[in-house]
Chemist: 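Dumping the structure here so I can ask a few things about it.
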Number of protein chains: 2
Amino acid sequence: MTKKGSEVTIRDVARRAGVSIATVSYVLNESAPISEATRRRVLAAAAELGYRPSALARGLRARESRTLGYSWHQRPPDYWHPILDRFLYSMAETAEAHGYHILTFTHSPHGRPWEAYEDLILTGRVDGFILSETNENDERIRYLLDRGFPFVAFGRANDEWDFPYVDVDGEAGVQTAVEHLLALGHRRIGCIAWPETSLTGRYRYQGYVNALENADIPVDPAWVVRTEHTEAAGRAAMHTLLSLPPERRPTAVVAISDLMAIGAMNALHEAGLTPGEDIAVVGFDDIPTAQYLRPPLTSLRQPIAEVGKRVVEMLLALIRGEELPERRVLLPPRLIVRASSGGPKA
Amino acid sequence: MTKKGSEVTIRDVARRAGVSIATVSYVLNESAPISEATRRRVLAAAAELGYRPSALARGLRARESRTLGYSWHQRPPDYWHPILDRFLYSMAETAEAHGYHILTFTHSPHGRPWEAYEDLILTGRVDGFILSETNENDERIRYLLDRGFPFVAFGRANDEWDFPYVDVDGEAGVQTAVEHLLALGHRRIGCIAWPETSLTGRYRYQGYVNALENADIPVDPAWVVRTEHTEAAGRAAMHTLLSLPPERRPTAVVAISDLMAIGAMNALHEAGLTPGEDIAVVGFDDIPTAQYLRPPLTSLRQPIAEVGKRVVEMLLALIRGEELPERRVLLPPRLIVRASSGGPKA
DNA sequence: CCCGGTAGTTGAATCGTTTCAACAACCGAC
DNA sequence: GTCGGTTGTTGAAACGATTCAACTACCGGG
């Protein structure tokens, strides 16, 4: 019935082993030469008592919390966060393997987003941050750079700032997807993209442009619809594309998010067409339900667990004061081919 | 370029305000009567210096971390966690409003699940836990009960153990859903359920039984298929139901999870039937894509943000040593009616 | 035989708070 | 004028670890 944590302190271990508390500390941290006999006695005493050093006391003295902060936005109902589960799990797993933990906190995307970060720094609760859903000129990044506080981002910001990040290579991903459509024989390929203001959207769109350029196919401006990240917008975009005259109308469409791809497929159904047979559709994200849609959606799967692992490992190296061998890491997504992408009229 | 947290300590504030550190502490915590003049001087000094008390030092002395631990399982790819995002956000938000934070960690569902919990207790990193995805005779609950450490669960365990929890009332939810189907004129209603070993599954199934009993409709055993929580299993279950002779075949089916409901709808498509027209389908969870399926899926939405809020508030009261007015809270899910549930032949 | 260096160990200072015990100053009551 | 009680303030002792400086023993080299 010990309400509060262990009553066993380093002093108890020292007493039992018949040594000073300094010796116990040295043994446990292997931070000084200790004779084999003493070492064994200390370890035995610690084990028998079930001793675990207090994280608070250690942190106070050593000026570290062995904790990493992570914050994410709350999204409106259908802008859900399909990957938080795996991302967070992967980060927690990696951190724990190195004796660290993850503290999750909230921040307001508008207003002063860095305030929550500042608070955690000043109270000494965290040794570093993981950022995600970064945007161009992200104020949190500017703040952390100014302060010189360790952090690693999942996502890029702009070309001027020099900071460590890991990102999924949306450009390469979409390029792969479009090349897949080209290989199936498609020549008129549409793109449902985000507004130009979205950095991630620009990278993904660039992949579309690259693939068509490599294939010597000029991009018909009518093939590109820029709209917001909702199912309704994706649906409307597809209706716009369908309204093109038959000889200009795309036979395949790549949507830069699954949510918009779902909208596109629903628009096809409304028009009495079958995705994957009449018009091919490809998405991006590979959300869990993608495989159960009718037809199952071809999509790009982000290596999200890998991102979580890399991001934490980089941050830990940074905290240890090491130079990072790679400060900017791009990981390719994997194209998962399903029935929504078929040949031009197959 | 302060790498580590604030260099400003309580001593700096005391010096600037011309008082002792004890006085500063009393002012900031309002834990002793202090004259208005001194109070003002201290607050001014603290504000000018941007002072924030060290969480580590405070925690060490006060024997508390103001941190709550939360752990969840990693699931296989299509057993995803549709609600982690909102649940965690809601918990973090509520905790922060009371000066607490959430520490996320991993534990192995098999082996010794309590080990990760024990470690956090012994190192004094957390003041209490939130548990989710509890199962019958959950070993973590048994461990925490034995130890007398504060925790609140999202989910129930068994009737013998007395511990505080919040849960979604699956029984009432499914009952509402079936009553909705009855009101539409359905009389032969099937149920795709989980194995009897699942506690949550038993509650949801009971709601189905209740509704039919209240309507004086005897349950035909052939209407009930118990199977696992996958799309493939849901699909197979629906094919089984469809193979019944027309006069016994259900005109509506309630699946106790959306994933199985998706499988059921896909089975209907495979059989050339239209969900919501030929056979009504209802799910449970209201996953984000439910609204975009064809047809959109009627489902039960869990008040997940409310659960997160309640769970944290209860835990904080427990940590303060208060008696809980309600130790067992059941929140009803809300039926979201969409096109997948139509009249018998409408 | 003396000296320098290393291995092994320890006492004590320190990290930045909270909080106890002590005390001064003042007030009103008798 | 003395006494008891409150109000306001402070010095110092914790909390439980890390780590510096100091010390002892011992060994080998000159």
Side-chain angles (χ1 to χ4, degrees), chain A residues 2-43 45-46 49-67 99 121-125 127, chain B residues 2-43 45-46 49-67 99 121-125 127:
Chain A
T2 36
K3 272 263 169 196
K4 283 296 167 184
S6 159
E7 308 294 293
V8 182
T9 75
I10 196 172
R11 229 165 285 277
D12 300 316
V13 178
R15 197 173 310 126
R16 178 157 191 134
V19 298
S20 73
I21 61 166
T23 302
V24 175
S25 173
Y26 289 138
V27 168
L28 263 34
N29 297 311
E30 303 184 8
S31 47
I34 298 288
S35 75
E36 185 56 25
T38 320
R39 209 181 79 84
R40 257 202 267 278
R41 251 184 313 135
V42 168
L43 290 179
L49 295 173
Y51 169 71
R52 305 275 1 243
S54 151
L56 266 43
R58 159 182 298 191
L60 174 60
R61 173 64 225 231
R63 309 180 134 338
E64 62 174 21
S65 61
R66 306 224 179 166
T67 302
I121 295 174
L122 292 183
T123 56
R125 267 181 197 278
D127 297 340
Chain B
T2 36
K3 273 261 170 198
K4 281 296 167 184
S6 158
E7 308 295 295
V8 182
T9 75
I10 197 172
R11 228 165 287 275
D12 300 316
V13 179
R15 197 173 310 125
R16 178 157 192 136
V19 298
S20 73
I21 60 166
T23 302
V24 176
S25 174
Y26 288 138
V27 168
L28 264 34
N29 297 311
E30 303 184 7
S31 47
I34 298 287
S35 75
E36 186 55 26
T38 321
R39 208 181 79 86
R40 258 202 267 278
R41 252 183 314 135
V42 168
L43 290 179
L49 295 173
Y51 169 71
R52 306 276 0 241
S54 152
L56 266 42
R58 161 180 297 192
L60 174 59
R61 175 62 226 228
R63 309 178 137 319
E64 62 175 19
S65 61
R66 304 222 181 169
T67 302
I121 295 174
L122 292 183
T123 56
R125 268 181 195 279
D127 297 341

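All values reported here derive from a predicted model rather than from experimental measurement.
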Chemist: Taking side-chain contact (heavy atoms from CB on, under 4.5 Å) as the test, write out the residues that go with B/I10, two or more places apart.
Modeler: B/I21, B/V24, B/S25, B/Y51
Chemist: Checking B/L56 against A/T123 for the side-chain contact (heavy atoms from CB on, under 4.5 Å) test, could you report, in this order, the C-alpha distance in whole Å, the side-chain angles of both residues, the deciding distance, and whether it holds?
Modeler: CA-CA 8 Å; B/L56 266 42; A/T123 56; over 6 Å; no
Chemist: Check salt bridge (Lys or Arg N to Asp or Glu O under 4.0 Å) between B/R40 and all other residues, then give those that pass, not counting sequence neighbours.
Modeler: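 Only B/E36 meet the salt bridge (Lys or Arg N to Asp or Glu O under 4.0 Å) criterion with B/R40.
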Chemist: Distances for protein N/O vs nucleotides 4-6 of chain D N/O pairs under 3.5 angstrom?
Modeler:
none

Chemist: Mind checking salt bridge (Lys or Arg N to Asp or Glu O under 4.0 Å) for A/R15 and listing every partner two or more places apart, or none if nothing turns up?
Modeler: A/D12
Chemist: Just how far, in rounded Å, is C1' of D/dT10 from CZ of B/R11?
Modeler: 13 Å
Chemist: Which residues satisfy the salt bridge (Lys or Arg N to Asp or Glu O under 4.0 Å) test with B/R61, sequence neighbours excluded?
Modeler: none
Chemist: Would you list the pairs meeting salt bridge (Lys or Arg N to Asp or Glu O under 4.0 Å) in which at least one residue belongs to residues 16-31 of chain B, sequence neighbours left out?
Modeler: B/R16-B/E48
Chemist: Over its full length, what angle do the end axes of the helix from C/dC1-D/dG30 to C/dC30-D/dG1 make, each axis taken from five pairs and the result rounded to 10 degrees?
Modeler: 60°
Chemist: Could you run through nucleotides 6-11 of chain C and give me one letter per nucleotide, 5' to 3': B if any protein heavy atom sits under 4.0 Å from the base, S if only the sugar-phosphate is that close, - if neither?
Modeler: --SBBB
Chemist: Taking salt bridge (Lys or Arg N to Asp or Glu O under 4.0 Å) as the definition, give me every residue that meets it alongside B/R58, ordered by chain and number, with sequence neighbours left out.
Modeler: none
Chemist: Taking only residues two or more places apart in sequence or in another chain, which ones pass side-chain contact (heavy atoms from CB on, under 4.5 Å) with A/T38?
Modeler: A/V19, A/T23, A/I34, A/S35, A/R41, A/V42
Chemist: Write out a two-atom table: protein N or O, nucleotide N or O from nucleotides 23-27 of chain D, distance below 3.5 Å.
Modeler:
none

